[in-house]
Amino acid sequence: MNYLETLNPQQLEAVKNTEGPSMVIAGAGSGKTRVLTYRIAYLIEKGVDPFNILALTFTNKAAKEMKIRIAEIIGESEAKNLTMGTFHSVFARILRHHSDKMGYPSNFTIYDTQDSRSLLRTIIKELKLDDKTYKPNLVHGRISSAKNNLISAAGYEANTDIVAEDRMSGKPRLFEIYKAYEKRCFKAGAMDFDDLLYKTNVLMRDHPDVLHFYQHRFKYILVDEYQDTNYSQYLIVKKLADVFHNICVVGDDAQSIYSFRGANIENILNFKKDYSDAKTFKLEQNYRSTQTIVNAANSIIAKNQEQIQKNVWTSNDEGNKIKVIRTLTDNEEGKVVTNMIFDTKMNEQAAHSDFAILYRTNAQSRSFEEALRKLNLPYKIYGGLSFYQRKEIKDLLGYFRLTANPQDEEALKRVINYPKRGIGKTSIEKVIVAANHYDVGLWDVLSDPVKFPCGLAGATQNKINAFVTAIKSYRVELEKVDGYELAQTIAKSSGILKELYDDKSPEGVSRYENIQALLAGIKEFTESVGENETAFLSDFMVDVALLTDADDEKDEDKDKITLMTIHASKGLEFPYVFIVGLEENLFPSQMALNSRSELEEERRLFYVALTRAEKKATLSYATSRYRWGNLITSEPSRFIEEIDTEFLEVANPSRGGGRSLNQVNLEKRVAKSTKTIFSDKARKLKKVSSVDTKPKSGTAANLLNLKVGYNVVHEKFGKGKVIGLEGTPPEKATVFFPKVGNKQLLLKFARLEVLS
DNA sequence: CTTGCAATGACTGAT
DNA sequence: TCATTGCAAG
């Protein structure tokens with residue numbers, strides 16, 4: 001057990017106290033993952049069967065990495081039997097095992113957020129409700145938080161407080177939507193993300209034998225990032241640990257950043273109430289960051305009221321001060337940050353993977369991508385539109401889903417007319433009406449038109465029959481042939497492969513490549529099982545809905561600059577961290593300014609961001625940025641001021657030389673007095689007046705007469721001179737604009753006004 | 001039923 | 001700005 005010698009006394013205690021309830025409060029960078037890993041390894045070495053251990057992590061990637069480390073210590077054959085993963089993936093598997101008890105097929109579909117919202121949109125339309133009052137996102141949020149608090153549709157309707165709340169907010173029929181949604185999901189054999197936790201609770205509540213089985217199987221339970229669990233998750237863990245009480249939760253209240261997902265910080269604050277004999281271990285030594293970073297982070301988090309007292313410290317070097325950078329625009333912010341990365345890389349021989357750019361919202365990535373591309377620096381963006389959410393991927397997965405579970409309504413709607421086969425919207429609506437009328441699933445109506453007539457024209461019915469036959473033929477193969485083989489068959493015979501192959505536009509080519517990448521992934525998956533086993537497509541589909549980009553990182557992505565939201569960066573560390581967009585209304589988000597608790601969560605988010613950095617942290621903000629196409633002015637985030645000034649160094653790259661903090665404050669005051677440059681209203685007014693006074697695009701006569709040397713005006717680029725033309729009559733022009741340089745413009749689209 | 005264009009609303013965060 | 005949706009015409 002040599003590995004134990006590498007631990008400090010507190011870490012060692014947390015590892016060795018395996019019996020009974022314990023809570024590990026782990027400050028940022030305090031070796032939390034090591035404690036978890038070694039605790040599991042230690043348990044196994046002491047003779048605990050890995051089969052009896054359940055470890056719940058925050059991401060699948062974390063689980064995978066931890067498993068590898070444990071395997072290195074105790075051997076792979078042992079580590080294999082550990083149950084380890086996110087709440088969602090672990091309990092999805094358990095639910096599949098017992099799905100019959102709940103009336104679900106074992107191949108039930110997992111609806112992702114897109115699917116849930118699309119179904120809600122359909123239901124809102126069917127109930128003839130206004131989707132401006134009942135915005136699908138909002139409705140989904142309401143239903144989601146109900147489920148996270150274990151409130152069913154019936155419970156929702158019966159809860160007078162909730163119903164009153166909905167009535168107050170002008171949405172009295174929300175409970176009807178929830179009821180319809182619950183029913184439709186069930187009929188489609190589908191669970192949404194929240195169901196995976198909710199139904200696990202239901203399973204354990206209604207089937208004591210199942211609960212009993214897992215209570216005795218999971219003798220040792222470990223939960224990582226406990227501060228970010230919601231009520232539903234909390235209760236699952238509590239029930240499972242109810243027999244042996246060997247529960248170890250690890251977390252840091254200062255890093256609780258998921259309340260929007262129902263996470264309840266009280267879970268960690270109240271742990272001692274549930275388990276009065278709980279031991280608490282505090283890990284306070286930070287091994288990750290410089291003193292400057294640790295102390296700066298402490299000075300921020302001290303501004304929060306709600307917290308468990310702790311003293312995070314480090315024996316690392318003092319390190320550099322935290323640089324604060326101010327730029328004029330978001331684009332300049334991209335350039336400056338990128339240049340700094342380039343310089344640092346050169347001066348300190350750093351790898352690309354040593355750098356991370358962290359932002360509050362996904363939409364901020366654009367200016368950094370552009371700047372990085374210009375300097376030819378490799379980067380990888382996490383989050384945002386993930387691979388599995390791309391249209392072409394979801395389309396093909398739609399066929400797979402339908403093959404595994406033909407009742408899957410969202411998959412059906414997605415692919416029944418893609419590629420185009422002449423089954424349009426009206427036909428599908430007729431089918432939905434019939435399905436609701438007979439109270440059966442869409443697939444039942446499609447596959448048995450005699451029993452469930454829906455009044456479609458004969459030609460359309462024939463097309464539907466052909467589609468149904470195709471899906472049925474895939475189903476026959478589902479648990480017969482190798483998953484890769486079936487995936488290939490479907491991709492070809494559905495027509496998707498041809499459709500994308502024929503599209504030679506750059507986007508089309510990339511979509512085709514994505515499909516090939518998905519197929520390659522399935523191939524890899526089917527080859528990963530033992531020689532004498534066959535991996536079916538249904539096996540691949542089991543948790544594909546729960547995969548994220550971070551889960552299947554490719555080798556070629558290893559040495560790249562990381563771009564991600566701060567939320568996604570939790571648990572990671574980088575030598576050089578750039579926290580960008582530190583502006584009021586962006587970070588902290590304007591949605592969080594209404595209450596102290598929300599603002600405190602933003603502050604914890606900033607704390608998380610800063611504590612990702614090992615060597616150097618840099619903060620940046622822009623005094624103006626584009627938002628929805630409007631240029632708005634912004635002022636520096638209050639979080640910059642909250643850091644003790646002794647840790648900061650204010651640099652101004654656009655003017656050269658540093659400035660004092662007083663100057664920042666001065667500028668803040670100036671910024672406050674400046675109004676939005678182009679408000680939304682101004683933009684609309686401008687648009688209207690431009691319609692009144694001048695043609696939308698150059699008049700036909702004007703454009704036909706366009707010649708090289710003419711002066712023109714472009715809406716965005718200003719005045720310019722035509723220096724080249726293509727086509728007769730001219731279709732494309734090269735125009736020199738003094739402000740932005742040469743631009744190629746399609747006359748069809750560019751709103752050029754001809755001056756001479 | 002499909003196509004093309006205008007209008008519209010989205011930007012917190014993610015399993 | 002960008003992607004999705006609604007509407008008119010073929």
Side-chain angles (χ1 to χ4, degrees), chain A residues 56-63 85-92 110-114 116-118 121 125 131-132 135-138 140-141 144 147-148 191-197 225 228-230 232-233 256-263 330 358-367 382-386 388-389 391 417 420-428 457 459-460 463 543 545-551 564-570 581 585-593 598 601-602 604-605 608-609 625-632 680 683-684 687 691 696 716 748-749:
Chain A
L56 297 163
T57 58
F58 202 69
T59 62
N60 285 312
K61 192 183 170 203
T86 61
F87 273 90
H88 289 86
S89 64
V90 165
F91 294 111
I110 297 172
Y111 274 177
D112 65 16
T113 312
Q114 278 181 45
S116 300
R117 296 208 173 140
S118 146
R121 214 170 288 126
K125 226 180 256 167
D131 66 354
K132 282 190 184 101
K135 287 191 179 137
N137 293 5
L138 229 130
H140 184 233
S144 172
K147 282 186 185 171
N148 285 331
M191 296 199 196
D192 65 17
F193 283 138
D194 304 310
D195 278 333
L196 296 176
L197 308 172
E225 307 284 9
D228 281 324
T229 52
N230 59 36
S232 187
Q233 291 167 317
S256 162
I257 55 174
Y258 275 95
S259 70
F260 71 92
R261 212 161 82 184
D330 45 356
L358 307 180
Y359 34 77
R360 177 68 241 269
T361 66
N362 282 307
Q364 286 165 257
S365 68
R366 210 208 70 240
S367 60
Y382 293 82
L385 234 211
S386 89
Y388 295 97
Q389 288 171 341
K391 186 189 171 299
N417 198 31
K420 298 234 146 52
R421 46 174 76 86
I423 308 172
K425 228 168 52 185
T426 22
S427 306
I428 295 165
T460 314
K463 288 172 194 161
D543 46 20
L546 301 173
L547 289 180
T548 61
D549 281 355
D551 292 329
M564 56 171 50
T565 63
I566 301 165
H567 281 92
S569 76
K570 192 164 83 155
N585 296 327
L586 180 60
F587 191 16
S589 156
Q590 56 189 350
M591 329 276 279
L593 301 178
E598 284 176 292
E601 176 149 319
E602 293 286 305
R604 291 194 294 269
L605 192 58
V608 168
R625 75 168 58 236
Y626 276 94
R627 215 169 179 182
W628 299 303
N630 294 317
L631 193 62
I632 56 159
D680 217 25
R683 168 197 177 217
K684 271 179 189 143
K687 242 188 173 169
V691 172
K696 267 190 174 176
K716 195 165 124 204
K748 236 193 319 186
F749 302 115

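Only a predicted model underlies this, so the values are computations on that prediction, with no experimental measurement involved. Every chain is numbered from 1, with letters handed out A, B, ... down the list of sequences.
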side-chain N/O A/Asn230 vs B/dT15 OP1/OP2, d < 4.0 Å: no
Under 4.0 Å between a side-chain N/O of A/Ser89 and OP1 or OP2 of B/dT15, yes or no? no
Using a cut-off of 4.0 Å on non-hydrogen atoms, how would the nucleic acid contact of [X] be classed: base, sugar-phosphate, or nothing?
| X | answer |
| --- | --- |
| A/Arg627 | base |
| A/Lys570 | nothing |
| A/Asn417 | sugar-phosphate |
| A/Tyr258 | sugar-phosphate |
| A/Lys132 | sugar-phosphate |
| A/Thr426 | sugar-phosphate |

Calculate the interatomic distance between [X] atom [atom1] and [N] atom [atom2]; express it in whole Å.
| X | N | atom1 | atom2 | value |
| --- | --- | --- | --- | --- |
| A/Arg121 | B/dT8 | CZ | C1' | 13 Å |
| A/Asn137 | C/dA3 | CG | C1' | 14 Å |
| A/Phe58 | B/dT15 | CZ | C1' | 8 Å |
| A/Met564 | B/dT15 | CE | P | 11 Å |
| A/Trp628 | B/dG9 | CH2 | P | 13 Å |

So if I take every side-chain heavy atom of A/Thr565 and compare against B/dG13, C/dG6, B/dT2, which nucleotide ends up nearest? B/dG13
Output the single nucleotide from B/dT15, B/dA14, B/dT12 whose closest atom is nearest the side chain of A/Arg117. B/dA14
Any side-chain heavy-atom pair from A/Tyr359 and A/Thr565 closer than 4.5 angstrom? yes
Side-chain-base donor-acceptor pair under 3.5 Å for A/Arg261 and B/dT15: no
